[in-house]
Amino acid sequence: MRLTGRHVIFSLVLFVSGFLVAFSYQQTNQGPQVYQLTDKQLEKDYYYRQQLINIEKENQSIREDIEKKKSEIQKMEDQLANQEQTVSDYVQDKKTLQKLTGELPVKGVGVEIQLKDADYIPSEENVNQYIVHDSHIHKVVNELLSAGANAIAINGQRLYRDSYIACVGPVVSVDGVQHPAPFVITAIGNPDVLMPSLTLKGGVVDQLLNDNVEVSTQKKDIINMDARLTGER
């Protein structure tokens with residue numbers, strides 16, 4: 001029988017197919033391979049596993065320590081914030097006291113009261129009954145303090161807790177400094193409280209007018225008072 005190209009190709013296909021079937025059968029019969037670890041390999045594997053477990057425990061402990069430190073830092077920051085606020089309050093209180101005692105200059109709204117001797121003095125009358133005396137000034141100052149004035153000055157000279165006012169002939173002495181009339185008394189405080197306290201019916205202003213003292217009052221948007229000089233009474 002004569003072989004043709006078709007027969008050759010058909011034979012080659014059968015040969016390859018048979019080879020593939022035989023190889024697949026051989027692989028199927030072999031089954032899975034099992035690798036047996038030696039004792040040394042098992043020991044090394046166990047050692048690495050323990051190392052990994054220990055590292056995880058250490059990491060967990062570190063994370064817990066970090067959270068604890070964060071909480072402690074937050075508490076410290078809160079305490080510092082409270083301390084800063086407390087210190088700030090102390091500083092503010094100190095400045096307020098220094099202003100009240102005259103160690104620091106002060107400024108603010110307030111009132112101004114001017115006291116003048118009477119313009120007209122009858123010839124037959126006693127002149128002392130028509131001029132401003134230290135008692136008149138004391139009345140105004142005491143009323144202002146009672147109404148809540150924060151600082152008071154006479155002709156620009158500031159008064160302090162140990163100040164004294166006295167008549168010296170035709171002038172008034174304030175802490176040893178003599179001031180002639182008219183006397184301008186300025187007070188820093190709430191003008192809506194100070195002014196009604198002075199001008200209420202039968203109050204200080206009415207009493208001064210009855211004593212023949214000329215009185216004028218006005219509210220002031222800004223009053224400046226200097227600090228007490230070193231060595232000043």
Side-chain angles (χ1 to χ4, degrees), residues 94-233:
K94 178 176 179 289
K95 287 183 178 180
T96 300
L97 291 174
Q98 286 178 306
K99 289 178 180 180
L100 293 174
T101 58
E103 295 181 26
L104 293 176
V106 291
K107 66 178 179 179
V109 298
V111 296
E112 179 182 284
I113 306 96
Q114 185 178 83
L115 308 182
K116 294 175 59 177
D117 297 336
D119 289 335
Y120 173 72
I121 302 176
S123 58
E124 66 277 7
E125 295 289 340
N126 185 347
V127 68
N128 287 328
Q129 296 180 358
Y130 292 84
I131 64 174
V132 180
H133 295 283
D134 58 340
S135 60
H136 299 135
I137 296 175
H138 275 294
K139 283 184 179 181
V140 176
V141 170
N142 290 336
E143 186 63 32
L144 290 171
L145 290 174
S146 298
N150 297 319
I152 300 174
I154 299 174
N155 287 2
Q157 182 179 346
R158 190 169 170 185
L159 300 181
Y160 305 102
R161 60 178 180 81
D162 56 349
S163 293
Y164 66 89
I165 303 170
C167 272
V168 182
V171 298
V172 170
S173 174
V174 179
D175 293 338
V177 179
Q178 295 182 354
H179 297 275
F183 304 101
V184 178
I185 303 172
T186 50
I188 294 176
N190 187 345
D192 294 329
V193 175
L194 298 177
M195 189 64 75
S197 179
L198 293 168
T199 58
L200 60 84
K201 186 175 182 180
V204 172
V205 171
D206 284 349
Q207 294 173 25
L208 295 177
L209 293 173
N210 290 334
D211 288 343
N212 302 309
V213 176
E214 294 189 10
V215 185
S216 63
T217 60
Q218 62 174 323
K219 296 180 180 181
K220 301 290 288 185
D221 292 332
I222 186 68
I223 298 174
N224 291 288
M225 294 187 189
D226 296 330
R228 177 185 290 193
L229 299 177
T230 303
E232 182 183 357
R233 176 181 168 80

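This is a predicted model, so every value here is computed, not measured. Note: hydrogens, waters and symmetry copies are ignored here, and every other heavy atom, side chains too, is used.
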Indicate yes or no for a side-chain donor-acceptor contact from [X] to the backbone of [Y] under 3.5 Å, with no hydrogens or angles considered.
X: Q114; Y: P182; answer: no
X: D117; Y: V132; answer: yes
X: Q178; Y: V168; answer: no

In Å, rounded to the nearest 0.5 Å, how long is the span from [atom1] of [X] to [atom2] of [Y]?
X: L115; Y: I185; atom1: CG; atom2: CD1; answer: 4.5 Å
X: E214; Y: L208; atom1: CD; atom2: CG; answer: 12.0 Å
X: T217; Y: E112; atom1: OG1; atom2: CD; answer: 9.5 Å

Just wondering, do L159 and I165 contact through their side chains at under 4.5 Å, heavy atoms?
->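 Contact flag for I165/L159 side chains = yes.
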
Compare all side-chain heavy atoms of R158 with those of D226 and state whether any distance is below 4.5 angstrom.
->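 The answer is no; the side chains never approach within 4.5 Å.
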
Is D192 atom CG crowded by more than 12 heavy atoms from other residues, nucleotides or ligands, each under 6.0 Å away?
->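 For D192, atom CG is crowded (more than 12 foreign heavy atoms under 6.0 Å).
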
Smallest separation among heavy atoms of [X] and [Y], with atom names:
X: F183; Y: V172; answer: CZ-CG2, 3.5 Å
X: V111; Y: L198; answer: CG2-CD1, 4.5 Å
X: V109; Y: P191; answer: CG2-CD, 3.7 Å
X: Q218; Y: M195; answer: C-CE, 3.4 Å
X: V106; Y: A151; answer: CG2-CB, 4.0 Å
X: I131; Y: H133; answer: O-CD2, 3.3 Å

Determine which pairs satisfy side-chain hydrogen bond (donor to acceptor under 3.5 Å, both in side chains) with at least one residue from residues 194-209, sequence neighbours left out, and list them in order.
->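 Found K139-Q207, E143-S197.
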
Quick one: do V174 and N155 satisfy side-chain contact (heavy atoms from CB on, under 4.5 Å)? Show the steps, please.
-> CA-CA 10 Å; V174 179; N155 287 2; over 6 Å; no

Of T186, L145, V140, which meets side-chain contact (heavy atoms from CB on, under 4.5 Å) against I152?
->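 Of all the options given, the one that passes is L145.
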
